[in-house]
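These notes concern the structure reproduced below.
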Amino acid sequence: MEQPHQTDKKVNPFFIRIIATGFYSGYSPIAPGTVGSLVALVIYWILNLINPIIFFIVIIITFFIGIISSQRMELILGEDPPAVVIDEIVGMWISLLFIHKNHFLVIAAFFIFRIYDIIKPQPARFVEKFKNGWGIMLDDVVSGIYSNITLQLIIIIIHKF
C-alpha cells in the first residue's frame, strides 16, 4: 500500500516548515493554535508595526505565503494539520489591524480571536472546506475580521461611557 503523505525534502523544505508551523510553535502538544496565536503577538510586538498600511501589506504577504506553505504541509501531514499555525498568525494580526496598540486591547484581541477561531461562525466554517491551503488560511481570516469588528465595537462602547 502506497503512503500518500511521504516526507520529501523537495516538497517540504526547512523554511516551509518553519513558516507554516510558526517557528515550530505548531508542534506544541497542548493547544497548538493558541500557541501559534501567542507567537503572532510576540512578532507583532517585536516588529512594532504601528503604521496600519505597512501592517496590512505584511498581513497580505504573509497570507499568500501561508497558502503556499499550508498547501505544502498538507501534502506531508494530511488535511488541515494542527501543526500548521501560520493561519492563526495571520488571523491574529487581522484582529489587531487598526486597533490602538495597548496591553488591554491586545489581550482582548487574543481572547476574542481564539473564541471565534474555535467556534468558527459562518462563513468561516464554509471556507475552511476550500482546498490547497486556502481553507486553512481563510477560516482564520474570517475569525480575525470578526475579532477586529468586535474590538472596534468594544472601543466605541467604551468611549461612549
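For this chain, numbers begin at 1 and follow the sequence in order.
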Residues Tyr27, Val35; criterion side chain to side chain contact (heavy atoms under 4.5 Å, CB included); working and verdict: CA-CA 9 Å; Tyr27 289 111; Val35 176; over 6 Å; no

Full working for side chain to side chain contact (heavy atoms under 4.5 Å, CB included) between Met73 and Thr21: CA-CA 9 Å; Met73 290 296 286; Thr21 64; 4.0 Å; yes

Working for side chain to side chain contact (heavy atoms under 4.5 Å, CB included), residues Arg125 and Asp139: CA-CA 7 Å; Arg125 194 162 301 281; Asp139 72 310; over 6 Å; no

Stepwise side chain to side chain contact (heavy atoms under 4.5 Å, CB included) check, Ile112 with Ile154: CA-CA 11 Å; Ile112 293 168; Ile154 290 169; 3.8 Å; yes

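Residues Leu153 and Phe104 share a hydrophobic cluster, clusters being chains of Ile/Leu/Val/Met/Phe/Trp/Tyr side chains in contact below 4.5 Å. Ile68 and Ile89 fall into different hydrophobic clusters, where Ile, Leu, Val, Met, Phe, Trp and Tyr residues are linked whenever their side-chain heavy atoms come under 4.5 Å apart, directly or through other members. Cluster membership check: Val85 does not share its hydrophobic cluster with Ile18, using side-chain heavy-atom separations under 4.5 Å among Ile, Leu, Val, Met, Phe, Trp and Tyr. Residues Ile46 and Val39 do not share a hydrophobic cluster, clusters being chains of Ile/Leu/Val/Met/Phe/Trp/Tyr side chains in contact below 4.5 Å. One hydrophobic cluster, built from ILVMFWY side chains closer than 4.5 Å, holds both Phe14 and Ile76.
For Ser70 against Ile86, the heavy-atom pair with the smallest separation is OG-CG2, 3.6 Å. Contact detail for Asp80 and Glu74: the closest heavy-atom pair is N-OE2, 2.9 Å. In terms of heavy atoms, Ile94 sits closest to Asn148 at O-ND2, 3.0 Å. Lys131 and Glu79 make their closest contact through NZ-OE1, 3.6 Å (heavy atoms, listed as atom of the first residue, atom of the second, distance). The shortest heavy-atom contact between Pro121 and Val142 is O-CG1, 4.3 Å. Annotation for Ile136 and Pro81: closest pair CD1-CD, 4.2 Å, computed over non-hydrogen atoms.
Listed by chain and number, the hydrophobic cluster partners of Phe161 are Ile157, where partners are ILVMFWY side chains within reach of under 4.5 Å, directly or through others.
No donor-acceptor pair under 3.5 Å is formed between the side chain of Glu88 and the backbone N or O of Ser37. Using a distance-only test at 3.5 Å, with no hydrogens or angles considered, a donor-acceptor pair links the side chain of Ser25 to the main chain of Gly22. The backbone N or O of Met92 sits less than 3.5 Å from a side-chain atom of Ser95, completing a donor-acceptor pair. The closest donor-acceptor contact from the side chain of Trp134 to the backbone of Ile67 lies at 3.5 Å or more, if one exists at all. Side-chain atoms of Arg17 do not come within 3.5 Å of backbone N or O of Ser69 as any donor-acceptor pair. With hydrogens and angles ignored, the 3.5 Å screen pairs no side-chain donor or acceptor of Asp87 with any backbone N or O of Leu138.
Around atom CD1 of Ile158, more than 12 heavy atoms belonging to other residues, nucleotides or ligands sit under 6.0 Å away. Heavy atoms of other residues, nucleotides or ligands lying less than 6.0 angstrom from CZ of Phe56 number 12 at most. The neighbour count for Phe111 CZ, taken as heavy atoms of other residues, nucleotides or ligands under 6.0 Å away, does not exceed 12. Residue Phe126 qualifies as open at atom CZ: its count of foreign heavy atoms under 6.0 Å is 12 or below.
Stacking of Lys101 on the aromatic ring of Tyr44 is recorded, both the 6.0 Å distance cut-off and the 45° axial limit being met.
For the pair Phe130 and Met137, the minimum side-chain heavy-atom distance is 4.5 Å or more. Using a 4.5 Å heavy-atom threshold, the side chains of Asp140 and Val90 count as separate. You'll find the side chain of His103 stays beyond 4.5 Å of the side chain of Val106, heavy atoms only.
Between the side chains of Thr150 and Tyr116, at least one donor-acceptor pair of N or O atoms lies under 3.5 Å.
Atom OG1 in Thr62 sits 11.5 Å away from atom CD1 in Ile57 (nearest 0.5 Å). Atom-to-atom distance recorded for Ile99:CD1 and Leu151:CG is 4.5 Å, nearest 0.5 angstrom. In this structure, Trp93 CH2 and Leu47 CG are separated by 6.0 Å, a value rounded to the nearest 0.5 Å. Taking CD1 of Ile19 as the reference point, atom CD1 of Ile65 lies at 5.5 Å (rounded to 0.5 Å). Note: Ile16 CD1 to Leu75 CG = 10.5 Å, rounded to the nearest 0.5 Å. The line from CG of Leu41 to CG of Leu96 is 6.0 Å long, rounded to the nearest 0.5 Å.
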